[in-house]
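Every number for a ligand or one of its atoms is a count from 1 in the order of the listing.
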Amino acid sequence: MIRIRLILFIVSALSASAVFAAGGVVKSPTGVAPDRYVYYPGTEALKKDEIRLIACGTGLPAARRDQAATCFLAEVGNGDKFLFDVGTGSMTNVAALMIPYDFLDKVFLTHLHTDHWGDLATLWAGGWTAGRTKPLQVWGPVGATPEMGTAYAVEHFLKAYNWDATTRNFVLSAEPGKITVKEFDYKAVNAVVYEKNGVTIRSLPAIHAGDGPVSFILEYAGLKVVIGGDTFPNRWFIEYASNADLAIHETFLTPTDLVRLYGQSPAQAIGVGTQIHTSPQAFGKVMSTIKPRHAVGYHFFNEQSTHDHVLLGIRQVYSGPLSLAVDNMVWNISKDAIVERMIVSPDQAWAVNGPNKPPAPPAPGSVPDPISDFIKSGRWQPAEAAQAPMVDKFKKDNDLK
Ligand SMILES: [Zn+2]
Ligand SMILES: [Zn+2]
C-alpha cells in the first residue's frame with residue numbers, strides 16, 4: 001500500500017513538473033486551493049514576459065458543438081493579442097473569453113479554407129455591433145494568382161456581405177466595419193510579416209491542397225510559439241520551428257477512422273489523411289526532430305474513440321511532452337514553465353467594452369436610408385401604440401428626444 005502511494009506520488013510530481021498545473025494542499029477549511037486546474041478568463045494578469053495561448057477551435061470543417069474549426073488566440077505580455085485563424089464556430093469560444101473586441105482586431109490567416117476563416121463574419125459583424133471601434137486588420141498569404149489570395153477573398157467577402165454592411169452603416173459608424181488586408185508572399189521562408197512592440201511574426205510555406213497556405217512563428221520575450229497551419233510535414237517547418245517553446249502542428253485522424261467515422265472512402269481517406277494533411281506518425285516524426293519544449297497536435301475530432309488511435313500513432317515515433325488539443329485548452333508559456341489547463345467560461349457571455357469611446361453614429365441624413373417609404377408604410381400602428389408608454393419612459397429616463 002505504501003509502495004503504491006509512493007509510485008503515485010512520483011508520477012504526479014513528474015507530470016506536474018513537465019506540464020500540468022497541479023492542485024496543491026488545501027491547508028484550511030475556509031481557505032482556497034493554492035493552485036488551480038482551470039483558467040477563468042479575465043481573472044489573471046499576464047506577466048510581462050509571458051504568453052497565453054488559447055485553443056478556440058481545434059476540429060474539422062463540419063464544425064460541431066464540442067469542437068469548432070481552427071482558431072488559436074495568442075495573448076502576449078505587452079497586451080497585444082493575435083488571432084491565428086478564425087475557423088467556423090470558433091467565435092463562440094472567443095466570445096466566452098469576454099475580451100473587448102477592440103483587443104481582437106488582428107487576425108492572421110494560414111489559408112482560406114472555411115475551417116480556418118469561416119467565422120471571420122462573426123468577428124467582423126459581431127465585433128462591430130459589440131464595441132469594436134476600429135477596422136479589423138487581416139494578414140494572409142497572396143495566392144498563386146490574385147483571385148486565390150487573401151486580399152481578393154476579403155474584398156469579395158465584403159461584397160458578399162454588402163447588405164449587412166449597408167444596413168449597419170445607417171445606424172453605426174462605418175469605421176469598425178472596414179477590413180484592412182496585408183498580404184505577404186506564401187513562398188517567402190521565415191519572412192517577417194509583423195514586427196511591433198517586441199512581437200515578431202514570421203511565415204513559412206506549407207504544403208496543403210494548393211499553393212498559398214502558410215504556418216506562423218510568433219516570437220516575444222525570448223519565447224517562440226509556432227502555429228502550424230494545414231500541411232504535410234515540410235522542410236521549412238523542420239528548419240525554423242526547431243527549439244520552439246510551444247510547437248503546434250496539425251495531426252489528422254487515422255485513415256481507418258476517416259473511413260469509420262467521417263464516411264470517407266478508403267481511397268479518399270488515405271489521400272486526405274496522409275498526403276495533404278499530417279498523419280499521427282508523421283506528426284510524431286516532426287516533433288521528435290524539432291524537439292519543442294511542448295508539442296500540440298490538433299485538427300481532428302478528439303474524443304474517446306479517436307484519441308488513443310492518434311496518440312498511439314504519435315507515440316510510435318515521439319515520446320516528448322504533448323497535448324492533443326481540444327477547444328478551450330490554454331497554455332501559459334514562460335521561460336520557467338509551460339502550464340496547461342482547461343478554460344472554464346460562461347455559455348452566456350456578454351461582450352465587454354474596452355477603453356476606447358465608441359465612434360459616433362452617422363449624422364442624420366449623411367447615409368442613405370436603406371428602408372423605402374413603401375416598406376415604412378407597412379408599419380402596424382397598434383404595435384407602435386402598445387410600446388409607446390415604454391418608449392416614452394425610456395426616452396425620459398435617458399434624456400432622449
Ligand atoms: Zn485546409
Ligand atoms: Zn483545416
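The environment of Lys134 atom NZ is dense: over 12 non-hydrogen atoms of other residues, nucleotides or ligands sit within 6.0 angstrom. Applying the 6.0 Å contact sphere to NZ of Lys47 captures no more than 12 heavy atoms from other residues, nucleotides or ligands. Other residues, nucleotides and ligands place no more than 12 heavy atoms under 6.0 Å from the NZ atom of Lys393.
Note on His113: its N/O/S atom closest to the Zn ion (ligand 1) is ND1. Checked against the Zn ion (ligand 2), the N, O or S atom of Asp115 at the shortest distance is OD2. Per residue Asp230, closest N, O or S atom to the Zn ion (ligand 1): atom name OD2.
Look at His299 and the Zn ion (ligand 2): an N/O/S atom of the residue is under 2.8 Å from the metal. Under 2.8 Å from the Zn ion (ligand 1) lies no N/O/S atom of His116, from backbone or side chain alike. For the Zn ion (ligand 2), the set of nearby N, O or S atoms under 2.8 Å includes none belonging to Glu250.
Taking the six-membered ring for Trp and the full ring otherwise, Trp124 and Phe157 have centroids separated by under 6.0 Å. Ring to ring, His249 and His299 are not that close: their centroids are 6.0 angstrom or more apart.
Ion pairing between a basic and an acidic side chain is recognised when a charged N comes within 4.0 Å of a carboxylate O; Lys395 and Asp392 show no such pairing.
In this structure, NE2 of His208 and NE2 of His111 enclose an angle of 100° at the Zn ion (ligand 1), rounded to 10°.
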